[in-house]
Each structure stands twice: as C-alpha cells, then as structure tokens.
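Everything numeric in this text was worked out from a predicted model, so none of it was measured. Sequence lines set the chain letters: A, B, ... in the order given, protein chains first and strands last, and positions in each chain run from 1.
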There are 2 protein chains.
Amino acid sequence: MGEGDLARIEVSLPDETARELATARQLKLTKPAGALGRVESISIWAAGVQGRCPPRPFSHPRVVVFVGDHGVARTVGTSAYPPEVTSQMVLNFINGGAAVNVLARQSGAAVKVIDVSVDCDLDYVAALRPEVAQHRIRRGSGSIDREDALTESEGAAAFELGQRIADEEIDSGADLLIAGDMGIGNTTPAAALIGLLASADAAAVTGVGTGIDDATWMRKCAAVRDAMRRGRPSMGDPRKLLQVVGGADLAAMAGFLLQSAIRRTPVILDGTITTAAALVADRLDYRAKNWWIAGHQSAEPAHAIALKRLDMTALLDYQMRLGEGTGALLALPIVQSAIALLQQMATFDEAGVSDRDA
Amino acid sequence: MGEGDLARIEVSLPDETARELATARQLKLTKPAGALGRVESISIWAAGVQGRCPPRPFSHPRVVVFVGDHGVARTVGTSAYPPEVTSQMVLNFINGGAAVNVLARQSGAAVKVIDVSVDCDLDYVAALRPEVAQHRIRRGSGSIDREDALTESEGAAAFELGQRIADEEIDSGADLLIAGDMGIGNTTPAAALIGLLASADAAAVTGVGTGIDDATWMRKCAAVRDAMRRGRPSMGDPRKLLQVVGGADLAAMAGFLLQSAIRRTPVILDGTITTAAALVADRLDYRAKNWWIAGHQSAEPAHAIALKRLDMTALLDYQMRLGEGTGALLALPIVQSAIALLQQMATFDEAGVSDRDA
C-alpha cells in the first residue's frame with residue numbers, strides 16, 4: 001500500500017451522535033452529575049467508537065503480540081537478556097504461561113502471537129503453530145545506530161502485515177484490539193521514534209528497558225542519539241522513519257493501529273513500544289487517535305513523553321515496563337466497567353429517585 | 001465493647017512468611033525483575049493477608065453499604081439533594097440499579113445494604129427486605145456543627161453494629177470486604193474527622209460533595225470548622241470522636257474496618273467517607289491498615305489528605321466522588337489480576353526461559 005492508497009483510505013471520526021447521547025444519558029443516571037469522573041468520559045468514548053448508546057461491554061477483545069528482535073541489542077549491548085530469550089518467550093506465550101496470557105484469561109481476551117522479526121530459529125514453533133511463524137519479515141531488524149532497520153520493501157511488507165492482521169482480527173469478530181510487543185532491544189528504536197516525533201532529547205527518552213546498568217545506559221543513549229541523527233532527514237515521511245530507525249515489529253504495529261482506526265475498531269494502547277508505533281500512525285492520520293485509549297503509563301521515560309505528545313492520559317500508572325499488552329489488558333476491566341455503568345445503571349425516572357431539580 | 005475489650009482483642013500483622021515467599025516468587029516469573037511494578041506489590045500484599053503463596057483470586061468479595069443521613073445537611077444546607085433521596089437510593093440498591101450494583105456484578109461481588117441512620121421512613125423497605133432496615137441506630141445523626149452526632153450509647157451501638165456485620169460477613173465466607181457509604185450530608189462529618197485526625201484546616205478538607213455552589217461551600221466550611229472545634233477535646237479517644245463529630249454510619253464503618261482487621265480479612269478502601277472511618281480505626285489500632293489497600297482517590301480534597309495520613313497511594317485516580325463502594329469495586333479487578341499473575345505465570349524454570357544470570 002503506497003502513499004497514494006493511504007490518501008484515499010482515510011480514518012473517519014467516531015460517532016458524534018452516540019457520544020452526545022452518552023453524555024446526556026450520564027446526566028440521567030442515579031448519581032450526582034459528574035460523580036463518576038473520568039469513568040464517564042471512558043463510557044462516552046466507548047459509545048462513540050461503538051456508534052451506539054448505551055454501548056455494550058466488549059465481547060471479543062483480542063491482543064496481538066508483535067515479536068521482533070533488534071540488532072542494536074547485539075551491536076551496542078543494550079539489553080540485559082540474551083537473544084535466545086525471545087524464542088523461549090514465544091513458546092511461553094504459546095503455552096499460556098506469560099503475563100499476557102494470564103491477564104487475557106482474567107479479562108476474557110484472546111491472544112495471537114506473530115513472529116515479525118525474531119532473531120532465532122523458530123523451527124519448533126513453525127511445526128507446532130505455523131500461524132505464529134509464517135509471517136516473519138526478516139531475522140532481526142537492523143542496528144539502527146548505524147544502518148537502516150529494514151529495506152524499503154521490508155518496511156512496506158511489515159506495515160502491510162500489520163494492516164492485514166488487523167483486518168483478519170476485525171473480520172473474525174474482534175471488537176477491541178490491543179497491540180502487544182516482545183523482543184530484545186525494542187526499547188531503543190521506540191525511544192528513537194519517540195525522540196524524533198515528540199521532539200525530545202535522546203537522554204530524555206532513554207530508559208533502563210529490562211534493567212541495565214549505568215555504562216549500558218550510556219551506550220544505549222548514544223545509540224538512540226545516533227539513530228535519531230540518522231532518522232531526522234526522514235521526518236516528513238513517517239513510513240520511511242519506520243524503515244530507517246524503527247523495525248519490522250514497529251512497522252507492523254503502526255500498520256495495525258492505523259488499519260484498526262480505518263476499520264472503526266477501538267484500541268487500548270499498551271506501553272512504550274506500542275505508543276511509539278501509535279505516534280507514527282498519528283502522523284499518518286491525525287484522526288486515528290480518536291479510536292485509542294491509553295491503558296497504562298510505563299516506567300520508561302519515553303512513554304510519558306509519547307502520551308503527552310498524543311495528549312492522552314493513561315488509565316493506570318503502576319511503573320510497569322513489561323509490554324506484551326499487559327498494561328492495556330490490566331486496564332480493560334475498567335473500560336468494561338465504565339461501559340456497564342452507562343448501560344446498566346437505573347435512570348432517575350426508572351428508579352423513582354428525585355433529581356436535584358425535582 | 002469497651003476500651004478494655006479492645007485492648008485485649010488486637011489486630012495482628014499479615015503473614016510475613018507468605019509475603020517473603022511472594023517476593024521471592026516474583027523474581028522467578030518469566031519477566032524481567034520488577035517489570036510488573038506496583039502490580040507486584042499488590043500481589044505480595046495479597047499473599048500476606050491470605051497467609052498463602054501464591055495467593056488465590058478472592059472468591060467471595062462483599063460490599064456493605066452503610067446508609068446514614070446527617071442533620072448538618074438540613075440545618076446548614078450543605079447538600080444539593082433533598083433528604084428523601086436516601087430512601088429512594090436504598091430502594092435503587094435493592095433493585096440493583098445503582099452504580100455499586102453494576103460494578104459488583106462486573107467483578108463478582110455481593111452487595112449488602114444497611115440502614116444505619118437514614119432520616120426517612122423505610123416502611124416499604126422493612127416489609128420488602130427486613131435485613132436492610134432492622135439495624136437502624138437512629139433517624140439521622142445530629143448536626144455536628146452544634147450538637148453531638150450521637151449519644152454515648154448510640155455511638156457504642158453503631159460501632160458494635162459495624163463489628164457484628166463484619167463478623168457475619170466473614171463467618172458466611174467473605175474473603176474480601178469493601179465498606180461503601182450513602183447518605184445526605186456525610187461528607188461534612190468525614191471532612192471534620194479527617195481535618196482533626198490528619199491535622200488539616202477546615203478549608204483544606206471541605207469539598208463540593210455532590211456538587212454545591214460557592215455560598216453553600218462557605219456554610220459547609222464553617223460547619224466543618226465548628227465541628228472540628230467541638231471535636232478537638234475528644235482527640236485522645238477515637239470512639240468518642242465518632243460520637244461527637246462523626247455519625248452512626250461512620251461509627252459503624254470504623255467498627256467494621258477494625259473488626260475486619262482483627263479477623264485477618266482484607267479490605268479495599270473506597271472514598272472519603274470510608275477513609276475517614278479508616279483514620280479512626282487506624283487510631284484505635286495502628287496495625288489495622290496492613291489489611292487495607294486504597295482502591296481510588298476521590299475528587300474530594302479531604303480524601304487525598306486522609307490517604308497521605310495513612311501513607312497509602314490509591315490504585316485509581318479518576319476524580320470520582322460517588323461513594324457506595326464504587327471506587328473500591330472499580331479497583332477490584334486489578335487486585336484480582338495481580339493475584340492471578342503471581343499464581344499463574346510460568347517461572348523461568350517451568351518455561352525453560354533463560355534468566356539474565358543463566
């Protein structure tokens with residue numbers, strides 16, 4: 001899909017009528033006006049993205065975990081973990097033992113895992129679960145401090161992969177999507193993208209990732225700075241930016257988030273990696289973010305910067321830094337509760353309760 | 001139950017061994033150390049209060065809504081709602097149409113409603129649901145700016161009522177308790193108690209309650225100041241304080257919270273009213289708060305002050321100001337998820353994932 005196609009397939013806005021009806025209905029529920037605070041805003045968002053008032057709790061939430069490694073972890077040594085962890089974690093996802101699996105079970109969500117750019121053999125996964133392994137764009141994205149993350153055709157293929165996965169999920173009934181991430185070194189390209197798109201310094205967006213020491217942090221910060229220098233000439237072309245300083249996983253996530261918005265399907269954003277991809281999708285169409293809500297704010301400093309740039313306030317702030325979709329899933333029951341309140345609370349009339357004007 | 005009995009029946013501490021096991025287990029789960037942030041702390045708290053590692057998701061959470069009106073709303077006019085709203089809301093609770101009912105259904109909690117000191121006839125409720133109406137201590141608590149909220153015997157009876165209800169809930173299988181509130185004028189005594197126990201000015205603890213104008217706020221603030229002056233001589237006797245500037249509902253909630261801790265049963269604190277009662281229970285036994293977790297931070301300014309005094313940080317901050325137990329119930333799925341993660345995530349060994357030391 002080229003720029004020309006993107007210009008034709010645009011993101012539309014959520015349903016303003018449903019939002020207005022939801023706003024009005026909140027005033028009729030048996031509680032003082034505004035007493036549910038931000039929970040009321042969540043319910044109004046849900047009404048808008050569902051095009052329905054009252055909205056219904058989401059019945060088919062889905063998480064897609066985009067798995068990809070990054071060369072920068074090996075060349076610069078920015079991660080506390082060895083690369084084989086990624087393949088082991090893919091197996092853990094498949095076996096249901098990872099945090100994302102536990103939280104998905106808690107909130108009734110399904111989990112799909114996609115090897116976008118893992119830097120290990122996944123033969124055992126390919127045999128066991130071909131749908132996980134069949135999409136790989138390349139083996140590890142490039143070391144963005146010194147080379148492009150992807151070739152131009154890989155960048156296009158990764159973006160389209162994300163779009164296609166969003167289409168598949170929505171076509172098979174998903175009514176709420178979450179993009180999760182896993183991979184060695186993915187906080188470095190996320191930091192570079194956020195630094196560029198939110199106009200922040202490399203030092204401000206470089207965090208400790210999975211937990212690194214001061215010397216490693218300095219190397220990581222230098223890598224982010226170098227990547228930002230390499231990426232700056234591509235600032236006017238968000239998709240090119242994904243190719244130069246992003247990676248296959250980030251490109252797929254950006255495509256996924258944009259396509260979800262094109263398909264009028266809401267998304268709960270997760271942590272730093274997803275939100276870096278969201279910043280790119282936001283550049284591609286500024287209306288896309290109307291379809292998103294921010295699940296949590298990560299401990300990574302870049303995440304707060306990215307959310308501020310998107311003018312979003314996360315639902316939770318627990319200093320989590322795991323990714324996988326965990327922060328979004330932890331927030332999902334709050335979104336469901338907000339919807340249930342608007343849908344199920346009695347109105348003053350129904351309950352025979354005196355409003356203050358009565 | 002007099003002071004002598006209280007001295008004998010003390011609050012014990014949560015299970016330190018279970019906490020230590022939980023802390024150690026978090027390090028073995030397939031995620032970077034500390035990557036779940038505050039969610040890990042919640043799971044460790046749950047292990048301690050359950051005396052078990054890993055803990056189990058709570059299977060029988062219960063909300064008790066303590067309903068009571070306050071004379072100060074009538075004499076000073078501090079509420080935006082007429083007093084008959086309380087009886088109408090009791091019926092709404094019984095019919096399942098209130099916010100607390102919706103959120104309880106969302107999170108699998110049961111709701112009990114207790115008329116502690118409603119200032120209206122509840123004949124229809126008494127006929128329909130005698131267990132709701134049979135406990136009333138008195139018809140409305142006194143106007144605390146000028147008179148004691150309760151007589152000494154009423155104060156004792158209300159406190160014991162709260163203790164008895166906690167016992168009944170725990171004896172019938174509740175493994176997690178929430179105290180909710182509803183009533184006209186209850187933010188005024190809560191503000192007075194918080195002002196006294198957290199050493200804050202009347203103006204700092206006086207909020208807009210259900211939504212009042214500036215002139216009403218000034219009258220309310222004066223009432224809080226007068227109540228604080230009346231209560232100050234009783235600062236050394238927390239139960240006396242409940243009688244002088246609290247009310248039957250607040251006394252019952254304080255008894256409920258203390259007894260829950262004595263019975264080693266955890267509580268998610270709700271908003272300003274519950275937390276005012278919690279401050280009193282904390283004065284009666286400083287160990288009680290180990291059994292509590294703060295569900296949300298209310299829009300009422302007194303609530304932030306009370307939580308700070310208890311050295312607690314709320315799980316959610318959505319500018320809610322409804323009470324009923326709604327803030328605690330909204331946070332319940334997060335507590336359940338934190339427990340499920342510690343219980344169900346695979347360890348590095350189980351999943352065959354390389355730890356950073358491997």
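Counting non-hydrogen atoms of other residues, nucleotides and ligands closer than 6.0 Å to CG of A/Asp213 gives a total above 12. With a 6.0 Å radius and a threshold of 12 heavy atoms from other residues, nucleotides or ligands, A/Arg56 has its CZ atom at or below the threshold. For CZ of A/Arg105, the number of neighbouring non-hydrogen atoms (other residues, nucleotides, ligands) closer than 6.0 Å is greater than 12. Around CG of A/Asp311, the count of heavy atoms belonging to other residues, nucleotides or ligands within 6.0 Å does not exceed 12. Heavy-atom contacts from other residues, nucleotides or ligands closer than 6.0 Å to CZ of B/Arg219 number more than 12.
Annotation: the span from A/Glu350 atom CD to B/Asn95 atom CG amounts to 11.0 Å, rounded to 0.5 Å. In this structure, the separation between CG on B/Asp317 and CG on A/Asp317 is 10.5 Å, given to the nearest 0.5 Å. From A/Leu330, atom CG reaches atom CG of B/Leu341 across 7.5 Å, with rounding to the nearest 0.5 Å. In this structure, B/Met320 CE and A/Lys31 NZ are separated by 10.0 Å, a value rounded to the nearest 0.5 Å. With rounding to the nearest 0.5 angstrom, the CD atom of A/Gln319 is 10.5 Å from the OG atom of B/Ser41.
The shortest distance between side-chain heavy atoms of B/Ser354 and A/Glu84 falls below 4.5 Å.
Contact detail for A/Met345 and B/Ala98: the closest heavy-atom pair is CG-C, 4.1 Å. The shortest non-hydrogen separation linking A/Ser337 to B/Leu103 is CB-CD2, 3.5 Å. Between B/Ala33 and A/Arg321, the shortest heavy-atom distance links the atoms O-NH2, 3.1 Å. Between B/Gly97 and A/Thr30, the closest heavy-atom pair is O-OG1, 3.7 Å. Of all heavy-atom pairs spanning A/Leu322 and B/Pro32, the tightest one is CD1-CD, 3.7 Å.
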Practice problem: Run the numbers on B/Tyr318 and A/Leu36 for side chain to side chain contact (heavy atoms under 4.5 Å, CB included), then give the verdict. | Solution: CA-CA 8 Å; B/Tyr318 293 160; A/Leu36 287 170; over 6 Å; no

Quiz item: Given the rule in the side chain to side chain contact (heavy atoms under 4.5 Å, CB included) test, do A/Thr326 and B/Val39 qualify, once you have shown the distances and angles that lead to the verdict?
Solution: CA-CA 11 Å; A/Thr326 52; B/Val39 174; over 6 Å; no

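In this structure, the side chain of A/Gln88 does not engage the main chain of B/Ala351 through any donor-acceptor pair within 3.5 Å.
With a 4.5 angstrom heavy-atom cutoff, B/Gln344 touches chain A via backbone and side-chain atoms both. Both the backbone and the side chain of B/Gln336 have a heavy atom closer than 4.5 Å to some heavy atom of chain A. For B/Leu91, no part lies under 4.5 angstrom from a heavy atom of chain A. Using a 4.5 Å cut-off between heavy atoms, B/Leu315 contacts chain A through both its backbone and its side chain. Using a 4.5 Å cut-off between heavy atoms, B/Ala99 contacts chain A through both its backbone and its side chain.
For the options B/Met89, B/Arg38, B/Gln343, B/Glu324, heavy-atom pairs under 4.5 Å to chain A are most numerous at B/Arg38.
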